[in-house]
Amino acid sequence: MCGIVGYIGKKNSLPILIKGLKRLEYRGYDSAGVAYIKDKNIKIVKTVGKINNLDKLLNYNDESFIGIGHTRWATHGSVDTTNSHPHQAGSITIVHNGILENYQELKKILTNKGYTFKSDTDTEVLCAYIDYEYTKTKNILDALNNCMKVFEGSYATAIMVKDIPNKLFVMKKDSPLVIGIGEQENYIASDISAYADETSAYIILEDMEIGQIEKDNISIYKNKKEIKYNIEQVEQDAFDSDKNNYEHYMLKEISEQENLMDKLNNIYLKNLDKIMDISKYNKIHIIGCGTAYHAGMIGKYLIENYSDFEVNTYIASEYRYQKIFADDKTLVIAASQSGETADTLACIKKVKKYGCKTLGIVNVKNSSIARAVDEVIYTEAGQEVAVASTKAYSSQVYIFSLLALKLGITKGLINKNEINKEYEKLPSYISKLTNYDYEDIISKIWQAKDVFYLGRGIDYISMLEGSLKLKEISYVHSEAYQAGELKHGTISLIEKDTPIIALISDETIALKTISNIKEVKARGAYVVLLIKEDLNINIDKECYDKIIEINATDNLLQPILNVIPLQLIAYNIAKKRGCDIDKPRNLAKSVTVE
Ligand code: G6P
């Protein structure tokens, strides 16, 4: 969601800006633009659509050694060139990620002072307000400092000032921004993946800090005082954005789950003592958004069922505003792939005021959530480029299984030796599912208008994730239902050949789900049954059209396997429908606004 880049140095800035923007494409965007200084003039080029559209408009002969760039994910105003960034007012040109909440109020003040606005964006107001303060103070650092006292909301902003052509400025609150450090050159980015090839050292700008960036110097200020900063190192191999001959990143990332399980076994299973002991808390709250929320729901189920401890799960965008019952004996677990999701981050800040202990299950190292929590367990999935999360989800579920395992062992409820063997078999089971030929199923259902997913208990949660994957990347309407609930309304939508994907992996309620499948089959549905092998039940061949058997593992790990066919069904339907699988419309991977 909105990517920011910037460059100052000895090279032509345009190719560097475009390269950085391309690296941030994964965040999701609908328009893109750059601003650069050429012969003392600030030039702005921006357009809607993909970065390639912008690329075609650029004149690379325009040598410029300073510039900023942006990918916009529309929040205020439609997707059009005027609303896209950079924005300019007076001497100031900016790109912005975040939402300026009091922009209407500030717009009135500025309009009364003679400012006019071309776009519908909050960003143009933010830009004009900086110009207003700069005109008053004649000192950009003072101006930015004054602005921070007035701006409400979130902003990561890169700023160029017309009469200061040898410096870039940044300021930040609640949206991410980093400064990459080079030799006689420096970079700005929403995250360091944009310039991890160019530099291995970077500074993470913290809230309410202002940065002044020259090609050979960086100064950080807070409350008008220059402050010391830490230099972080980019981890080697942290950003593997090579597609390795796969047609899509999503397929590559689904396939990587096999080796990932091995990696996680080596890092965590063999060092279970390093996994947080959650037994000392009275309450556990799990929060997350989208796929991470689904992983949290699986986590609740695993901890409750295998270690006998009640857990509550919450959608972060709700939790941050709802009444919560939490204190210093409450553990709040935040699951997040990006580590930047604004709502999840806000929840962490909220529960700290209640004295809660916080644990992050996060993929991106050094991300905002990873830094905000008391303890972090990294999911070690490597960079996930496709917007639809796959390997990050299964690694989150894996970590939740370990939390349940550790608690279960502490309580004497789980036998560690037996379960260890099952963890070790995960890669080979996943390999079987990724090599399965889904074509038969896909050819029957890829043109469907609606697809319904059915399951009970923990299987229902996997189906929520399967249904979300399908919606995200294929734009097919789908819903997941608790199998017993369908007949209380939604069964009216089932007609001849409506696809139903059903999952049965919990033996204790398998027969109940089978009855529900028969109800939809009787109404003409086309049923794809995903079933754990070796279930001790009789399944009538007439109650499904296609069946996929999933290896049986311990129930603690079964959800990691169950999701693989669901990911691949969604992927293959989207592929057949010709969708932009890795960058689905309207979606952002890093959701840095609420
Ligand atoms: C967006 C992404 C989803 C992701 C969700 C939460 O909606 O498109 O794939 O599950 O954000 O993101 P997080 O980074 O916190 O896991």
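In listed order, ligands and their atoms are each counted from 1.
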Ligand 1: protein N/O within less than 3.5 Å of ligand N/O:
{"from": "ligand 1", "atom 1": "8 (O)", "to": "Ala588", "atom 2": "O", "distance (Å)": "3.0"}
{"from": "ligand 1", "atom 1": "9 (O)", "to": "Val387", "atom 2": "O", "distance (Å)": "3.3"}
{"from": "ligand 1", "atom 1": "10 (O)", "to": "Thr291", "atom 2": "N", "distance (Å)": "2.9"}
{"from": "ligand 1", "atom 1": "12 (O)", "to": "Thr341", "atom 2": "OG1", "distance (Å)": "3.4"}
{"from": "ligand 1", "atom 1": "14 (O)", "to": "Ser336", "atom 2": "OG", "distance (Å)": "3.4"}
{"from": "ligand 1", "atom 1": "14 (O)", "to": "Gln337", "atom 2": "N", "distance (Å)": "3.4"}
{"from": "ligand 1", "atom 1": "14 (O)", "to": "Ser338", "atom 2": "N", "distance (Å)": "2.7"}
{"from": "ligand 1", "atom 1": "14 (O)", "to": "Ser338", "atom 2": "OG", "distance (Å)": "2.6"}
{"from": "ligand 1", "atom 1": "14 (O)", "to": "Thr341", "atom 2": "OG1", "distance (Å)": "3.3"}
{"from": "ligand 1", "atom 1": "15 (O)", "to": "Ser336", "atom 2": "OG", "distance (Å)": "2.7"}
{"from": "ligand 1", "atom 1": "15 (O)", "to": "Thr341", "atom 2": "OG1", "distance (Å)": "2.4"}
{"from": "ligand 1", "atom 1": "16 (O)", "to": "Gln337", "atom 2": "N", "distance (Å)": "2.7"}

> Looking at residues at least two apart in the chain, or sitting in another chain, which of them share a ring pair (Phe, Tyr, Trp, His ring centres under 6.0 Å) with His96?
Replying inline: none

> Does Glu304 use its side chain to pair, donor to acceptor, with the backbone of Tyr301 at less than 3.5 Å?
Replying inline: no

> Aromatic rings His85 and His70: how do their planes relate, parallel, tilted or perpendicular, breaks at 30° and 60°?
Replying inline: parallel

>> Closer than 4.0 angstrom, basic N to acidic O: yes or no for Glu206 and Arg371?
In response: yes

> Excluding sequence neighbours, so at least two apart, what forms salt bridge (charged side-chain N to carboxylate O under 4.0 Å, His left out) with Glu384?
Replying inline: Lys589

Would you mind writing out the side-chain donor-acceptor pairs for residues 151-158 within the sub-3.5 Å range, not counting sequence neighbours?
{"from": "Ser154", "atom 1": "OG", "to": "Ile99", "atom 2": "N", "distance (Å)": "3.0"}

